[in-house]
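Before any comments, here is the structure.
We number each residue from 1, following the sequence as shown. Computed from a predicted structure; not experimentally measured.
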Amino acid sequence: MSAHADTESTDVGVTTGFLARKLGVSPTTLRSWDRRYGLGPAVRPDGRHRRWSHGDVEMVQEMCRLTASGVPPAEAARAAKEHARTADTAAPGPTPGPAPTAAPAPADEHSPAARARAAVSATAQVSHSGTGLPLGDVRQECRGLARAAVRLDAAAVQRQLTAVLEAYGPAVAWEEVMMPTLRAVGRKWETSGDRYVEVEHLLSWHIAATLRHSYVRASSSAARPDSSPVLLACLPGEQHTLPIEALTAVLAERGVPALMLGGAVPAEALLASVRRTGPSAVVLWSQSRSTASLALARHVAATRWGMRGARTRSAVLLCGPGWGRSGEAGLLRPTGLRDALRMLPAR
């Protein structure tokens, strides 16, 4: 971000309000970082609104980047200030232009920047995210993802999700990072009115985009077109597709062909798809009891397909909390993604 990019900027820097809008944080957050960690303007003109110089802007951008990566705020602040000092030594004097995307390599393994990067690579810690979200005992990556989502920093959310998916694969990414963060946002939404609805929508959209990209990338080369697909669908009236999108991405990664019908599939369309495609298994998702239909599930399980004299049925998996805990004869009831993978027929 250039210090000369807006009419609010002058030769002495930009205002707090302008910087907050550009970074996607609130002015209160910037003032809090200044008060707690000393991440404020280096020059404060007397009797005037404080202005953030180009170096100040780069320092706060580095703070945003590190916290979005899951680094604890205090540790990120130390690394951001070191980054600013290093930049000043390497190139004294402000030079308008985009901020670097990564901090310079630390001088030694005990520097604040090195400790910050080590914190990002931690696999699991108790989360005190600083977002107000009830994360609990989760992977380190959940903290950065939660911070970026609460700030409505779409670019940081997407970077985090892409990195997690590439590092762990879709199964672990969904169960240990994406889903816990979504649940925390949902719990916060339920207890604070509608304050976090926009956060949940942003996070859900980017998770869906990431899972679909993973599916497209994997299915283009891995799936066997001659195999019977696994058919996945939400029951009529059910719009929550993310859990079966995660399962679809995992199947593609494993080379299993999947036929994803999405949300709120009409009963007639679901049954017609079973007869037309002859799936090895049908995964039916229900988020709430109001959408769960055992009658439809039984109908799917009873539907036969194939050539006359060799007709067969599909295995039917009832997935989601809407089905309750009780089982049903002839229908499989997995408890989660990994359990569903174990129940699906081998290719």
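By the 4.5 Å heavy-atom criterion applied to side chains, L251 and L341 are counted as neighbours. Side-chain contact between P236 and V265 is absent, with no heavy atoms from C-beta onward closer than 4.5 Å. Two residues are said to be in side-chain contact when any heavy atoms from C-beta on lie closer than 4.5 Å; L317 and L284 fail this criterion. In this structure the side chain of V316 never reaches within 4.5 angstrom of the side chain of L332, judged on heavy atoms. Between C64 and W33, some side-chain heavy-atom pair lies under the 4.5 Å cut-off. Counting only heavy atoms from C-beta outward, the side chains of W174 and V250 never approach each other to under 4.5 Å. R338 has its side chain within reach of V172: a pair of non-hydrogen atoms, C-beta onward, lies under 4.5 Å apart. In this structure, the side chains of C319 and P334 come closer than 4.5 Å at one or more pairs of heavy atoms.
Shown here is H206, whose NE2 atom has more than 12 heavy atoms of other residues, nucleotides or ligands within 6.0 Å.
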message = With side chain to side chain contact (heavy atoms under 4.5 Å, CB included) as the criterion, how do T303 and R275 come out once you've worked through the C-alpha distance, each side chain's angles and the decisive distance to 0.1 Å?
response = CA-CA 7 Å; T303 300; R275 289 191 292 267; 3.5 Å; yes
request  = Give the C-alpha distance, both sets of side-chain angles, the deciding distance and a yes or no for side chain to side chain contact (heavy atoms under 4.5 Å, CB included) between V14 and H54.
outcome  = CA-CA 8 Å; V14 298; H54 181 73; over 6 Å; no
query = Can you list the steps and then say if T241 with E245 is a side-chain hydrogen bond (donor to acceptor under 3.5 Å, both in side chains)?
reply = CA-CA 6 Å; T241 64; E245 293 198 46; 2.7 Å; yes
inquiry  = What verdict does the side chain to side chain contact (heavy atoms under 4.5 Å, CB included) test give for L318 and S286, after you've listed the backbone C-alpha separation in whole Å, the side-chain angles of each residue and the deciding distance to 0.1 Å?
reply    = CA-CA 8 Å; L318 307 182; S286 172; over 6 Å; no
request  = Given side chain to side chain contact (heavy atoms under 4.5 Å, CB included), test L145 with L203 step by step and report yes or no.
outcome  = CA-CA 9 Å; L145 182 59; L203 186 58; 3.9 Å; yes
key: Audit row: Y168, E141, side-chain hydrogen bond (donor to acceptor under 3.5 Å, both in side chains) steps and yes/no   = CA-CA 11 Å; Y168 303 121; E141 291 86 352; 2.6 Å; yes
message = Test side-chain hydrogen bond (donor to acceptor under 3.5 Å, both in side chains) on E253 and S214; report intermediate values, then the result.
response = CA-CA 8 Å; E253 180 194 45; S214 174; over 6 Å; no
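A donor and an acceptor atom, one from each side chain of Q287 and T291, are nowhere located under 3.5 Å apart.
The distance from the OG1 atom of T335 to the CE atom of M343 is 6.5 Å, given to the nearest 0.5 Å. Taking CG of L232 as the reference point, atom CD1 of I244 lies at 5.5 Å (rounded to 0.5 Å).
Under the 3.5 Å distance criterion, the side-chain polar atoms of E200 are left unmatched by any main-chain donor or acceptor of L182. Here the side chain of R333 pairs a donor or acceptor atom with the backbone of G324 at under 3.5 angstrom. Judged by distance alone, with hydrogens and angles left aside, the side-chain atoms of K81 form no donor-acceptor pair with the main-chain N or O of G38 at under 3.5 Å. D56 places a side-chain N or O within 3.5 Å of a backbone atom of S53 that can act as its donor or acceptor partner.
L294 and W323 make their closest contact through N-CZ3, 3.9 Å (heavy atoms, listed as atom of the first residue, atom of the second, distance). V60 and L39 make their closest contact through CG2-O, 4.4 Å (heavy atoms, listed as atom of the first residue, atom of the second, distance). Nearest heavy atom pair, residue P41 against residue R51, reads CB-O, 3.1 Å. V282 and S314 make their closest contact through CG2-CB, 3.9 Å (heavy atoms, listed as atom of the first residue, atom of the second, distance). Across every non-hydrogen atom of P229 and G278, the tightest pair is CD-O, 4.4 Å. Across every non-hydrogen atom of E176 and C142, the tightest pair is O-SG, 3.4 Å.
A salt bridge links R342 with D339: at least one charged nitrogen is closer than 4.0 Å to a carboxylate oxygen.
Paired with S280 under the rule side-chain contact (heavy atoms from CB on, under 4.5 Å), one option of L344, V256, L231, V230 passes, and it is V230.
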